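If you scroll down you'll find the structure; I have some questions about it.
Computed from a predicted model, the values in this text were never measured in an experiment. Here, residue 1 is the first one in the sequence, and each next residue gets the next number.
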Amino acid sequence: MRNLKAELQRALEQALALLGVEESVDVPVQPTPPDRPGDYGTPVAFTLARVLRRPPAEIARELAARVCLPPGVVGAEAVGGYVNFTVGLGELVRAAAEPLRPPGPVGRRVLVEHTSVNPNKELHVGHLRNIALGDALSRILRYAGYEVQVLNYIDDTGRQVAETLFAVERYGLRYDGVTKYDHWVGQAYVRLHREMEDPRLREELEAGVRAVLHRLEAGELRSEVERVLRAQLDTMWRLGAEYDALVWESDLVREGLLQQALALLEHTPYVQRPREGKYAGALVMDTSSFVQGLEDPYLVLVRSDGTATYPAKDIAFQFWKMGLLQGLGFRPFTRQPSGRLLYTSHPEGDRSVRFGGCEETINVIDATQSYPQRVVRTALAVAGRPDLAEGAHHLAYETVTLEGRRISGRRGHTVSVDEVLDEAHRRARAVVAEKNPEHPDPESAAEQVGIGAVRFAMVKTEPRRQIDFRWEQALSFDGDSGPYVQYAHARAASILRRAEEAGVLGEEPDFAQATEYERPVARALLDFPDVVAAAAAQRTPHVLAQYLLDLAAAWNAYYNARHPDGSPATPVLQAPPGLRGARLALVRQVRDVLRTGLELLGVPAPEVM
C-alpha cells in the first residue's frame, strides 16, 4: 500500500531546506478533518514560526507555493497556519487498493507476559481482559516487525494453589470426569474458603495449607498443578490465545535464580540487612532514590525468617526476562491448536532452548499491581541497568466488574470465561439462525461471532478504563461491537464471491472513473499502516479496535449510499466496466484490511454470517 503521508513528509522536508531551515524539525502529516479542504495536512508552520520568527499563516503560504508535490497529489493550499494537500481521486483510490505489505523487521526483541493465572481454578471474566489485551498486543507487535516472545507465568508454589490441592485432599474428592477439571477443583477452593470463615477451624486449616505449600516447594505436586493448567489452557486456546513458553515459579527457585537476583542487589548500596528496628534481620531495598513520595521507601525482599517475598520473586523473573540472569532449561510441553509448539521450563529441560534475554518487556497486569511493577523497574536501576528499566513496561488495565458487582474468586462471585463463551455461542447461534437460516455451517459461524464479540469487547476500551461486564452489552450485535466489524468484513467477502461467480473479479480497474463516494473509504484504508504502528508504539490494542469500527462505518456508509432520488449510488457488480474493476479493487482491500485488523485483535473474520 502506497504511503502518501510519508511521501508528503519528505516533500515538506525538502521545502523546508528551500526556506533556509537547517535544524531538524518534526514534520507531522495528518488526515484533514471532514469539514476542512484537502486529504492531508501539516501544522509544521506553527513550529517554524518560533524558528523563523514569522507568522504561521505566512510560512504556510510559502510552503504551499514551494513544495514539490508527489505524483498524484494535485494541490497544496494554506488554510490558516496549516498546509493542506489534495490527492487526485483516481490516485487516492489506486493507492488505497494496493496490496497490504507488513513492515519489515525492526531489529528489536520484546517479551510479552500475559495471562499468568493461578493454576487453582477456572478462569473468570476478569482474566479474560488480560488474555485479550496480551494476545492482541503480541500479534500487533509481531506484525509491526518485532521479534516477540509470549510467556505465561505459572505460580505453582503460591498459597492459592496450595489451598485448592489441600481442599481436594481434605474433602476426599474424586474427579467425576463430567465437570471441566479446573471448574471441579475451583468448587473445592470456594468450599474451603467458606469453611475458613469459621474461626474454630482456622488454625487446623492453616496447618494443612502450609503442609501442602511445603510439598509444592519440594516439587512433589507438579503433576497435580499441571492437570489444572491443561484444563485452563483449553479455555485460553478456545479464545485463540497461544504462547511460546510456560515458566514455572518452582523452576526459578530451584535453579537458584532468586538467590542470584538477591546477590546482584546485595552488592549495591541500596540493599542492606538492618541489625535493629522493625526490619532487623530482613533484607530490604531502599527505593527512595528511584521512587519519590513514599512514606516508607524500604521494601522487604527477604523476611527475617528467611522466606522471600512476592516482590523478590517478581524481580528475579524480570532479571531473567531481560538477560541479567541465565539458567532455565526448556522442553516441549504440547502442540497448540494452530500446530505451534508450546515449551515449558523444566528441571530436565534443554538449556540451549533460549527464552528471555529481551531488551524490552511488557507485563500485562491489572492496575492494582502498579506499585509492584514500579518496584521491578526500580530493581533494574538499582542493579545498575537503568537502560533495562526504561524498557520494562507495564500494560496496566482496570478490573472487570460483573453486572456492577466486584468479582471474588474466593466467594464464588464470578462468571467463568467458559460460561461467557458458551453463552456467547448460544446467543450468536440464535442471531445466525435469524439472519441467515440457510447458513452452510451455523455452529462454526456462531463460535466465531461469539468469540469475536467477547474478545472485541475486552480490547475496544482504553485499558485504564474499567469495564462493567454486562451480557447485553458484551454480546450486542449492533454498533460498537466485534460482530459489527465482522459483518462489514463478511459483506465485502460476499460481494467478491458474487463477482467471481459472475466472472468479473479480475476486471481491469479504471481508477480515473472513481467518484467522490470512494474518497472516504480510500482515506480510511490508507490510515491502516499508521494505526498499527501507533498501536505498537503505544502498546495498546484499543487504537486498532477503534480504527476498525471507523473503517466498518465508512464501508457501510459507502455500501448504503443513495442518490437524491433514492437509487443506489455505489453499485459494484452493476457499475460500468472499469469503474466496476476499481470498486472491486477497493472492496477487496476493505475485506483484506478488516480481516487483517481483526486477526491482529484475535477476532475471527468469518466469510459468511
Carboxylate-amine/guanidinium contact R200 D198, below 4.0 Å: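 Answer for the salt bridge query: yes.
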
Note to self: Using a 3.5 Å distance criterion without hydrogens, assess whether the side chain of Q260 forms a donor-acceptor pair with backbone atoms of L325.
What the structure shows: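 Checking the backbone N and O of L325 against the side chain of Q260, no donor-acceptor pair under 3.5 Å is found.
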
inquiry  = Show the nearest heavy-atom pair for residues S345 and D251, with the distance to one decimal.
reply    =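 Residues S345 and D251, closest heavy atoms: OG-OD2, 2.7 Å.
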
### Query
Any donor and acceptor pair, going by atom type alone, linking the side chain of N130 with main-chain N or O of V364 inside 3.5 Å?
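Between the backbone of V364 and the side chain of N130 there is a qualifying donor-acceptor contact (under 3.5 Å).
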
Are the charged groups of R108 and E360 less than 4.0 angstrom apart, N to O?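 Answer for the salt bridge query: yes.
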
Practice item. Walk me through it: do M236 and Q336 pass the test side-chain contact (heavy atoms from CB on, under 4.5 Å)? Key: CA-CA 10 Å; M236 301 167 199; Q336 300 176 95; over 6 Å; no

Fill in: Which atom of L216 lies closest to which atom of L221, heavy atoms considered
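Nearest pair, atom of L216 first, then L221: CD2-CB, 3.8 Å.
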
#### Entry: Over all atoms of both residues, closest heavy-atom pair of I362 and R539
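For I362 versus R539, the nearest heavy atoms are CD1-CD, 3.8 Å.
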
Separation between OH of Y279 and OH of Y298, rounded to the nearest 0.5 Å: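 Nearest 0.5 Å value for the OH-OH distance: 9.0 Å.
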
- Spacing of L395 atom CG and T361 atom OG1 [to the nearest 0.5 Å]: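 Answer rounded to 0.5 Å: 11.5 Å.
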
Check your understanding: Which one of R202, R170, E204 satisfies the side-chain contact (heavy atoms from CB on, under 4.5 Å) criterion with E195?
Key ->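 Testing E195 for a side-chain contact (heavy atoms from CB on, under 4.5 Å) against R202, R170, E204 leaves exactly one candidate, R170.
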
More than 12 heavy atoms of other residues, nucleotides or ligands under 6.0 Å from CD of E390: is that the case?
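Incorrect, the count does not exceed 12.
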
>> Check K121 with E163, please: is the shortest side-chain N to carboxylate O separation under 4.0 Å?
In response: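 Looking at K121 together with E163, the answer is no, because their closest N to O distance does not fall below 4.0 Å.
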
### Query
Side chains of Q546 and L549: closer than 4.5 Å at any heavy-atom pair?
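Contact flag for Q546/L549 side chains = yes.
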
Report task. State whether the side chain of R139 and the backbone N or O of E599 hold a donor-acceptor pair below 3.5 Å, judged by distance alone. Result ->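 Present.
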
Report task. Answer yes or no: is there an ion pair linking D234 with K180, defined by an N-O contact shorter than 4.0 Å? Result ->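 No.
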
State plainly whether the residues E447 and R238 are in salt-bridge range, i.e. N to O under 4.0 Å.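 Yes, this pair counts.
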
Measuring from atom CD of E462 to atom CD1 of I467, what distance do you get when rounded to the nearest 0.5 angstrom?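 CD1 of I467 is found 10.5 Å from CD of E462.
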
Review point. Would T344 and I154 count as a side-chain contact (heavy atoms from CB on, under 4.5 Å) if you check the C-alpha gap in whole Å, the side-chain angles of each, and the deciding distance to 0.1 Å?
Key: CA-CA 10 Å; T344 182; I154 311 303; over 6 Å; no

**Message:** Less than 3.5 Å apart, any donor N or O on the side chain of D350 or S352 sitting next to an acceptor on the other?
**Reply:**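 Yes - a donor-acceptor pair under 3.5 Å links their side chains.
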
message: Can you classify the ring geometry of H114 versus Y243 as parallel (below 30°), tilted (30 to 60°) or perpendicular (above 60°)?
response: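 Correct class here is tilted.
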
Margin query: For the backbone of V150 and the side chain of D244, can you confirm whether one donor and one acceptor N or O come within less than 3.5 Å of each other?
Written below: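 Confirmed, D244 side chain pairs with V150 backbone.
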
Report task. Look at atom CD of E203 and say whether more than 12 heavy atoms of other residues, nucleotides or ligands are closer to it than 6.0 Å. Result ->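 Atom CD in E203 is not crowded, with 12 or fewer foreign heavy atoms closer than 6.0 Å.
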
Review point. CZ/R194 to CZ/R191 distance, rounded to the nearest 0.5 angstrom?
Key: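 That separation rounds to 10.5 Å.
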
task: Determine yes or no for a side-chain-to-main-chain donor-acceptor pair under 3.5 angstrom, with Q232 supplying the side chain and L123 the backbone.
output: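 The answer is no, because no donor-acceptor pair under 3.5 Å joins these two groups.
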
Verify the neighbour count for atom CZ of R340: are there more than 12 heavy atoms of other residues, nucleotides or ligands below 6.0 Å?
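Yes, CZ of R340 has more than 12 neighbouring heavy atoms, counting only those of other groups under 6.0 Å.
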
- Query: Measuring from E113:CD to H394:NE2, what's the distance to the nearest 0.5 Å?
  - Reply: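 So the gap between those two atoms works out to 10.0 Å.
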
Side-chain contact test, heavy atoms from C-beta onward, threshold under 4.5 Å: evaluate it for V271 versus E266 and give yes or no.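 Side-chain contact under 4.5 Å: yes.
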
Which atoms form the tightest heavy-atom contact between Y310 and G158, and what is the distance?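 For Y310 and G158, the tightest heavy-atom pair comes out as OH-CA, 4.1 Å.
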
Review point. Counting only heavy atoms not in Q466, do more than 12 fall under 6.0 Å of its CD?
Key: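 It does: Q466 CD has more than 12 such atoms within range.
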
Between D156 and L229, is the side-chain contact (heavy atoms from CB on, under 4.5 Å) condition met? List the steps.
CA-CA 10 Å; D156 60 320; L229 172 61; over 6 Å; no

Would you check if E398 and R465 make a side-chain contact, meaning some heavy-atom pair closer than 4.5 Å?
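No, every pair of side-chain atoms sits at 4.5 Å or beyond.
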
- Query: Within the distance-only criterion (no hydrogens, no angle test), does the side chain of E359 pair as donor or acceptor with the backbone N or O of M322 below 3.5 angstrom?
  - Reply: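 No; judged by distance alone, with no hydrogens or angles, the pair does not exist.
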
* **Single hit among F330, F333, F355 for ring pair (Phe, Tyr, Trp, His ring centres under 6.0 Å) with Y343** =>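 Result for ring pair (Phe, Tyr, Trp, His ring centres under 6.0 Å) with Y343: F355.
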
Query raised in the report: Which is it for L258 and L252 under the side-chain contact (heavy atoms from CB on, under 4.5 Å) test, yes or no, and what are the steps along the way?
Result: CA-CA 7 Å; L258 175 59; L252 287 176; over 6 Å; no

- prompt: Side chains of D366 and T399: is there a donor and an acceptor less than 3.5 Å apart?
  reply: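 No.
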
Original post:
Does the side chain of V485 reach to within under 4.5 Å of the side chain of V603, using non-hydrogen atoms?
Top reply: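 Contact flag for V485/V603 side chains = no.
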
Practice task
Dump the intermediate steps for side-chain hydrogen bond (donor to acceptor under 3.5 Å, both in side chains) on Q326 and R354, then the final yes or no.
Solution key: CA-CA 9 Å; Q326 307 290 330; R354 299 296 297 274; 2.6 Å; yes

How many angstroms lie between CZ in R210 and CG in L205, if you round to the nearest 0.5 Å?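 Answer for the CZ-CG pair, R210 versus L205, is 10.5 Å.
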
#### Entry: R230 with E226: basic N within carboxylate O range, under 4.0 Å
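Yes, charged N to carboxylate O under 4.0 Å.
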
message: Taking the side chain as everything from C-beta on, heavy atoms only, tell me whether V454 gets closer than 4.5 Å to V125.
response: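 In short, these two side chains do not touch, never coming nearer than 4.5 Å.
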
For this session: Would you check if the side chain of H193 reaches a backbone N or O of Y189 as a donor-acceptor pair within less than 3.5 Å?
Result: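 Pair absent, no side-chain N/O of H193 close to backbone of Y189.
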
TODO: For residues K321 and V376, determine if any side-chain heavy atom of one lies less than 4.5 Å from a side-chain heavy atom of the other.
DONE: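 Sidechains of V376 and K321: no contact.
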
| query | Is any side-chain heavy atom of V112 closer than 4.5 Å to a side-chain heavy atom of Y146? | reply |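 A side-chain contact under 4.5 Å is absent here.
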
(Q) Quick test of your reading of the model: are E169 and R215 salt-bridged, counting only N-O distances below 4.0 Å? (A)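 Salt bridge: yes.
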
Handout entry: Non-hydrogen side-chain atoms of I315 and L265 separated by less than 4.5 Å
Key =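 Sidechains of L265 and I315: in contact.
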
*Please work out whether the ring planes of Y270 and F290 are parallel, tilted or perpendicular, with thresholds of 30° and 60°.*
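Geometry flag for F290 against Y270: perpendicular rings.
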
**Item:** Backbone N/O of T540 and side chain of Q538: donor-acceptor pair under 3.5 Å
**Value:**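 Between the backbone of T540 and the side chain of Q538 there is no qualifying donor-acceptor contact (under 3.5 Å).
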
Does one side chain, of N363 or Q318, offer a donor that lies under 3.5 Å from an acceptor on the other?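 Yes, side-chain donor-acceptor contact under 3.5 Å.
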
TODO: Keeping the roles fixed (side chain from D286, backbone from S289), state whether a donor-acceptor pair exists under 3.5 Å.
DONE: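 The answer is no, because no donor-acceptor pair under 3.5 Å joins these two groups.
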
**OP:** Keeping the roles fixed (side chain from S304, backbone from A282), state whether a donor-acceptor pair exists under 3.5 Å.
**Re:**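 Answer holds: no.
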
Which heavy-atom pair separates V168 from A188 by the least distance, and what is that distance?
->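 Looking at all heavy atoms of both residues, the shortest contact is CG2-CB, 4.1 Å.
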
(request) Search all heavy atoms of R455 against all heavy atoms of A132 and return the closest pair with its distance. (result)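 Residues R455 and A132, closest heavy atoms: NH2-O, 3.7 Å.
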
